[in-house]
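Have a look at the structure below, then the notes.
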There are 2 protein chains.
Amino acid sequence: MGRKQLWDQDEVLASAMRLFRHRGYLGASLRDIEEATGLHPGSLYRTFGSKDGLFHAALDAYNERVVRGRVRVHLLEPADPLAGIRSFFTSAIETGPEPDPGCLLTNTAVESFALPQAAAGVHHGLAAIEGGFADALTRARQHGDAPADLDVGTTAAHLLALYQGLLVLVRAGLPRTTLHSVTDGAMASIGSLRAPRKQDDHE
Amino acid sequence: MGRKQLWDQDEVLASAMRLFRHRGYLGASLRDIEEATGLHPGSLYRTFGSKDGLFHAALDAYNERVVRGRVRVHLLEPADPLAGIRSFFTSAIETGPEPDPGCLLTNTAVESFALPQAAAGVHHGLAAIEGGFADALTRARQHGDAPADLDVGTTAAHLLALYQGLLVLVRAGLPRTTLHSVTDGAMASIGSLRAPRKQDDHE
DNA sequence: TCCGTAGTTGAACGATTGCTCACAAAAAAT
DNA sequence: ATTTTTTGTGAGCAATCGTTCAACTACGGA
């Protein structure tokens, strides 16, 4: 019963994702959103309740589609796990035809004081990336491409930080040569984190 | 000639720095600024011309005082360069009494599409950090605390990315244990970047 | 066919935004 | 003492913000 919805929710969320990634939550006005998604405020508020609601739906969609998709393609599926890790990094630099670089997770983490309820979504996305690194590292260790005593957990956290840092530098507009050398450093650093030999420090 | 200025520019910029770091450029309204600095809009516009002008002055002051200060204390001056690098990282996690964590450079890089003219300031600050890392690494190599064939330039870029990534994760509110393991990973990865043996890749 | 329901539209709301400016206050110049 | 010059003050501006809502349109069931 009733009228049929004229717009596709996936397309609207994809547009919203792009807009929020580009401008941030505070930087994207509802007029911008209306223009980007084609949705009038009434439909928007009927469906998502508020700008916050739309943002959270877009963040969830980003985690579900973009993040998990990238993790699967680059970290879980490749036969060569180390090559996958490398392509995970380089694909954040060479974004191809996409106009603006960066990652909605990174941006939202930084903007989190304007969006306290978004913390959970950010944590989910970061955990998915970290888990992907851990999986690839475990497989690399099995294949003999990484030291047998590699500390997978610490290295995964290390790569997550490096990846987020790369996205900051991408966003800052640093030259591509610098960004690629960060990738090289990331690959070279794999293998330096060994031996869960108990390390005692900071009290 | 004329009346004496009743407020201290350094104090005002310090307050503005804190506010912008906490809320971001878009998230800090002029009413917030007025409350934080004690400056009425008239004086503010007389001195800085606009909200942008104040932001740029605050970013410059941040580079000049906070960034360069931290680089000097942790990276240039310590007799033990590696210990200095470690404390540079840990001091970003354990901020002490300061209420909110993070770095104005990181945040501004992410927010850069709202602030295109801030790119230069961000570049300056990042270059200062990278240069500090390079200095500390060079000295560590001289002291024999790092491999003689360490690629200082690439490692400095690597540490810069790691540091920015750490600040994103701090901002995301990840547990301190995770953050400290990133620091451990950073220290362990020093030494894995050797040999400027020409590396041919990505066309 | 006519009604009930779900969806669309866009004008308009009060609040807040960055910013201006007329006026008052204080110090130097005369 | 008066004028000139600089600074402080804060009410108020137009524009924009996120949001609401009444009128309208399309569909299914009676």
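A, B, ... follow the sequence lines: proteins, then strands. Residue 1 opens every chain. For clarity, every value in this text was computed on a predicted model and none was experimentally measured.
B:E35 places its CD atom 16 Å from the C1' atom of D:dG10, with the value rounded to the nearest Å. Atom CG in A:D32 sits about 11 Å away from atom C1' in D:dC17, given to the nearest Å. Counting to the nearest Å, the P atom of C:dT5 and the CZ atom of A:R46 are 13 Å from each other. Distance CG (A:L54) to C1' (D:dG18): 13 Å, rounded to an integer number of Å. The interatomic distance linking A:I33 (CD1) with C:dT9 (C1') rounds to 18 Å, in whole Å. Look at OH on A:Y45: it is 9 Å from C1' on D:dC17, rounded to the nearest Å. In this structure, B:L44 places its CG atom 11 Å from P of C:dT20, rounding to the nearest Å. One can place NZ of A:K51 at 12 Å from C1' of D:dT16, the figure rounded to the nearest angstrom.
Counting any heavy atom pair closer than 4.0 Å across all strands shown, A:L6 reaches sugar-phosphate atoms only and no base atom. Using a 4.0 Å heavy-atom cutoff across all strands shown, A:L30 reaches at least one base atom of the nucleic acid.
Between the side chain of B:Q164 and the main chain of A:L169, no donor-acceptor pair closer than 3.5 Å is present. Of the possible donor and acceptor atoms, one in the side chain of B:R139 sits under 3.5 Å from a partner among the backbone N and O of B:P78.
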_Pair B:R86, B:D184 - check salt bridge (charged side-chain N to carboxylate O under 4.0 Å, His left out), show working._
CA-CA 8 Å; B:R86 173 175 279 279; B:D184 294 336; 3.1 Å; yes

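Remark: the A:R3 side chain and the D:dT25 base include a donor-acceptor N/O pair separated by less than 3.5 Å.
In this structure, B:R70 is positioned above the aromatic face of B:F88, its NZ or CZ under 6.0 Å from the six-membered ring centre and within 45° of the axis.
Between A:F48 and A:W7, the ring planes are tilted. Angles from 30° to 60° get that label. In this structure, B:F20 and B:F55 have perpendicular ring planes: the angle between them is above 60°, well past the 30° mark.
Closest-nucleotide positions on DNA chain C for B:G49 and B:G2 were compared, and the one nearer the 5' end corresponds to B:G49. Each of B:A28 and A:E34 was assigned the nucleotide of DNA chain C with the nearest heavy atom; the assignment lying further toward the 5' end belongs to A:E34. Across the interface with DNA chain D, nearest-nucleotide mapping of A:S43 and A:R31 shows A:R31 to be the residue nearer the 5′ end.
With a 3.5 Å limit on both pairing distances and Watson-Crick or G-U wobble geometry required, the stems of 3 or more pairs in DNA chain C span C:2-29 with D:2-29.
B:W7 has no side-chain polar atom (N or O) that falls below the 4.0 Å cut-off from OP1 or OP2 of D:dT7. Contact between the side-chain N/O atoms of B:S29 and the OP1/OP2 oxygens of C:dT16 is not found at any separation under 4.0 Å. In terms of phosphate contacts, B:H40 brings no side-chain nitrogen or oxygen within less than 4.0 Å of OP1 or OP2 of D:dG8.
Put simply, OH on B:Y45 and NZ on B:K51 are 8.0 Å apart, with the number rounded to the nearest 0.5 Å.
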